[in-house]
*Asks:* 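Before I ask anything, here is the structure I am working with.
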Amino acid sequence: MKLTLPDNSIRDIEAGSCGFDLAKDIGPGLAKDAVAIDINGEQRDLFDPINEDANVSIITINSEEGLEIMRHTLAAQVLARAIKTIYPDSQLAIGPTIKDGFYYDFKTNKTVSIDSLHDIEKEMKKIIDSKSNITKKLFSRKDALKVFNDNKEPYKKLIIEDSDQKNDFQLYFQDDNQFADLCRGPHLPNLSFIGSFKLTRVSGAYWKGDSNNEMLTRIYGTAWASEQELKKHLLEVEEAEKRDHRKLGKEMDLFHFQDEAPGMVFWHPDGWTIYRNLRNFVRRRLQASDYIEVNTPQVIDRKLWEASGHWDKYRENMYITEIDEEHANEKRVNALKPMNCPGHVQIYNQGIKSYKDLPLKYAEFGLCHRYEPSGTMHGLMRVRAFTQDDGHIFCTEDQIESETGLFIEFLSSLYEDLGFKEFDIKLSTRPEMRVGSDKTWDKAEEALEAAIKNLGYPYRIDEGDGAFYGPKLDFVLTDAIGRDWQCGTFQLDFNLAERLDAYYVGEDGKKYNPVMIHRAVLGSFERFIGILIENYSGKLPFWLAPKQVVIATITSEVDDYGVEILNKLKDAGIRAELDIRNEKISYKVRDHSTKKVPIILALGKNEKNNETVSIRRIGSNDSIEIDLKTALKEIIQENTIY
RNA sequence: GCUCAUAUAGCUCAGCGGUAGAGCACUUGCUUGGUAAGUAAGAGGUCACCGGUUCAAGUCCGGUUAUGAGCUCCA
């Protein structure tokens, strides 16, 4: 038979030969490193016989694919076997690879805590030291079920029973023991190919990812080709932890949380300064883009939420308040607004709107409360009270496309000024839980997809992830260390206007419901500030930084010169502070550097006598003495307000 | 909401049955120092909350609340 290699060369080799034979035929080096083979785009075990002509490539341990296979074997063969050894009562579920590593899910009556991982790691190393060969046997459905019935592995049985496959279930064995695992493969031919690994955490995970199912124990690990690469990865994880906004928020004294108000931010002065800067920035941009800012009540009668559909579809996440004061005649049930849209419709509904009024764009920095499940809260990233940079565009169907284009332009210019150059677009379609007829949804989905298509932006589709009132575009930006954050959203709504009796009078004098577009760029200020802090490691751009300049005196003899500079900076609108504490300059530099102040101006006798300042910027270890006037000019210029 | 873990001074943490400790921060004194921690002293705690075991509980047990890592969710 003829096997075509990646370089298009063809090897003639006896039918029934395997990947290892081929590798040997090509060269001893390749044979030594070979762990699997790719046959017509499908990864197979190295010793699987090949019976007909094919395009093949040998997968070596040094390739990306080889690393994946190594992680897979480490999970399914080594970790799983170690679990069975240490927890003999356990039942194995699944063990896939994930980014940088792998996990394994299993059921046990014992509690597995982070301290248990050490013992499991030790057992894994013992297994690896055996350098066992891994072999595979094919089983019929019946025989495979029997093996796992005898082994008391109910999850493996379930996997087989749920499979469409009739026969040829692959079971992998190691040559020195009883362990058997069902797996689609491929696996390393031998455990000696395993590199360096570390078990990282343990948690619960639902069987098949469904919260109605029982919870299994999940052990996570990371694995790499070498000890150096493992160390490098662990170091990167450590570096990422250093930019955690919760840690930096504390160090920089920006905000805190406390038990009495879980999921709600107490903004400290510096944190609130960042917030105000960001809000002012967005406000100016909205104004320039024909949005009109409005404000709507925090607490609204349940009747409105019933009419809007929130009471029905969103009740679980709403904070409810009851007014039953002693003297109140009626008992009202209110809800804290979880969204601003019904409020905006109330404003729209005041007075009769003509087609000439459209598109009409209301914006609100609306504070919303949503009762998020306790386990989901996470610093500023997931809170129960947050302010959206919310807006609603009331328009005609004809205007959808142009509004989509305008919004994407608007959003990308904001992202760029905030330091995010790249973003992806996701089109989310109708979810199971929704309002409105299928016909309306067809129309909305078609309109949105047509708009994004005609505008030529690349996008991908996320089925079933739309809002309950309409399909949406989500905008996902990428931060400095490559993480994705879903921030902006553009949601088409053909339902709410009708439900809340919003209409406009058309050219023909007839009433029509406007299309409503719910849109946000940052999403929530709280979360976005968290993203900014992590993106910049706390070293925010000059215009956003809460303290922009600190003037630090070296000796008290120059305090008056410091006051003079402080006043000049303040007059120019710079957020400046004077540090005349009885401390050494190195102490002051350290203090303000850890607080991430962008510019430190150090003043000593030299500076005072020469009318200069020593300017030191965050991230630099040098200071430069320059003329005071030049420094002021430079700083003021730097304070670009977007 | 689920699994596991955690909760001690403003912060970071040690103590794990015999009535509370360190470093930093804070206050005061000395020091006026040239770019990431000068020095000494002082002050600071119902050991998250509720209950139980015990002669005795930060310390052991149960519950509650909050937080963390995941899972599920994020309309």
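In what follows, chains are A, B, ... by sequence order, proteins preceding strands, each numbered from 1.
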*Asks:* Considering only the C1' atoms, how many Å lie between B:G44 and B:G23, rounded to the nearest integer?
*Replies:* 15 Å
*Asks:* Nucleotides 5-15 of chain B: which of its N/O atoms have a protein N/O under 3.5 Å away?
*Replies:*
residue : atom : partner  : partner atom : Å
B:U12   : OP1  : A:Lys250 : NZ           : 3.1

*Asks:* Do A:Tyr206 side-chain and B:G1 base share a donor-acceptor contact under 3.5 Å?
*Replies:* yes
*Asks:* Expressed as a whole number of Å, how far does the P atom of B:A20 sit from that of B:G58?
*Replies:* 9 Å
*Asks:* Answer yes when A:Glu445 and A:Arg430 have at least one side-chain N-carboxylate O distance shorter than 4.0 Å, and no when they do not.
*Replies:* yes
*Asks:* Salt bridge check, A:Lys472 against A:Glu449: does any charged N sit closer than 4.0 Å to a carboxylate O?
*Replies:* no
*Asks:* Would you measure the distance from the P atom in B:G18 across to the matching atom in B:C74 and give it in whole Å?
*Replies:* 50 Å
*Asks:* What is the distance from NE2 of A:His518 to P of B:C74, rounded to the nearest Å?
*Replies:* 17 Å
*Asks:* Which nucleotide in the set B:U35, B:C73, B:U3 lies at the smallest distance from any side-chain heavy atom of A:Ser623?
*Replies:* B:U35
*Asks:* Scan every strand shown for a Watson-Crick or G-U wobble partner of B:A69, both distances under 3.5 Å, and answer none if you come up empty.
*Replies:* B:U3
*Asks:* Once you apply the 3.5 Å cut-off to both distances, tell me the Watson-Crick or G-U wobble partner of B:G21, or none.
*Replies:* B:C13
*Asks:* Please check if atom CD1 in A:Ile580 has more than 12 non-hydrogen atoms from other residues, nucleotides or ligands closer than 6.0 Å.
*Replies:* no
*Asks:* Quantified in whole Å, what is the C1' atom distance between nucleotide B:U64 and nucleotide B:G45?
*Replies:* 23 Å
*Asks:* Record whether the side chain of A:Thr376 comes under 3.5 Å of the base of B:G1 through a donor-acceptor pair of N or O atoms.
*Replies:* no
*Asks:* When the C1' atoms of B:U39 and B:U32 are compared, how many Å lie between them, rounded to an integer?
*Replies:* 14 Å
*Asks:* Tell me which residues in residues 591-611 of chain A put a heavy atom below 4.0 Å from RNA chain B, sorted by number, or none.
*Replies:* A:Ser593, A:Thr594, A:Ala602, A:Gly604, A:Lys605, A:Asn606, A:Glu607
*Asks:* Is a salt bridge present between A:Lys208 and A:Asp210, judged by a nitrogen-to-oxygen distance below 4.0 Å?
*Replies:* no
*Asks:* Side chain of A:Arg246 only, please: which of B:U72, B:A69, B:C71 is the nearest?
*Replies:* B:A69
*Asks:* What's the gap between B:C11 and B:A25 when it is taken at their C1' atoms, as a whole Å value?
*Replies:* 7 Å
*Asks:* Select base, sugar-phosphate, or nothing to describe what A:Thr553 touches, counting heavy atoms under 4.0 Å on all strands.
*Replies:* nothing
*Asks:* Aromatic ring centroids of A:His310 and A:Phe468 under 6.0 Å?
*Replies:* yes
*Asks:* Check RNA chain B against residues 261-274 of chain A and give the residues with a non-hydrogen atom under 4.0 Å, in numerical order.
*Replies:* A:Pro262, A:Gly263
*Asks:* From the set B:A36, B:C71, B:C74, return the single nucleotide nearest to any side-chain atom of A:Arg590.
*Replies:* B:A36
*Asks:* Taking the basic N atoms (NZ, or NE/NH1/NH2) and the acidic carboxylate oxygens, is any pair closer than 4.0 Å for A:Glu241 and A:Lys247?
*Replies:* no
*Asks:* Give one of base, sugar-phosphate or nothing for A:Ser556, where a contact means two heavy atoms less than 4.0 Å apart.
*Replies:* base
*Asks:* Nearest heavy-atom pair of A:Leu500 and A:Val345: which atoms, and what distance?
*Replies:* CB-CG1, 3.7 Å
*Asks:* Could you tell me the Watson-Crick or G-U partner of B:G58, where both distances fall under 3.5 Å? Say none if there is no partner.
*Replies:* none
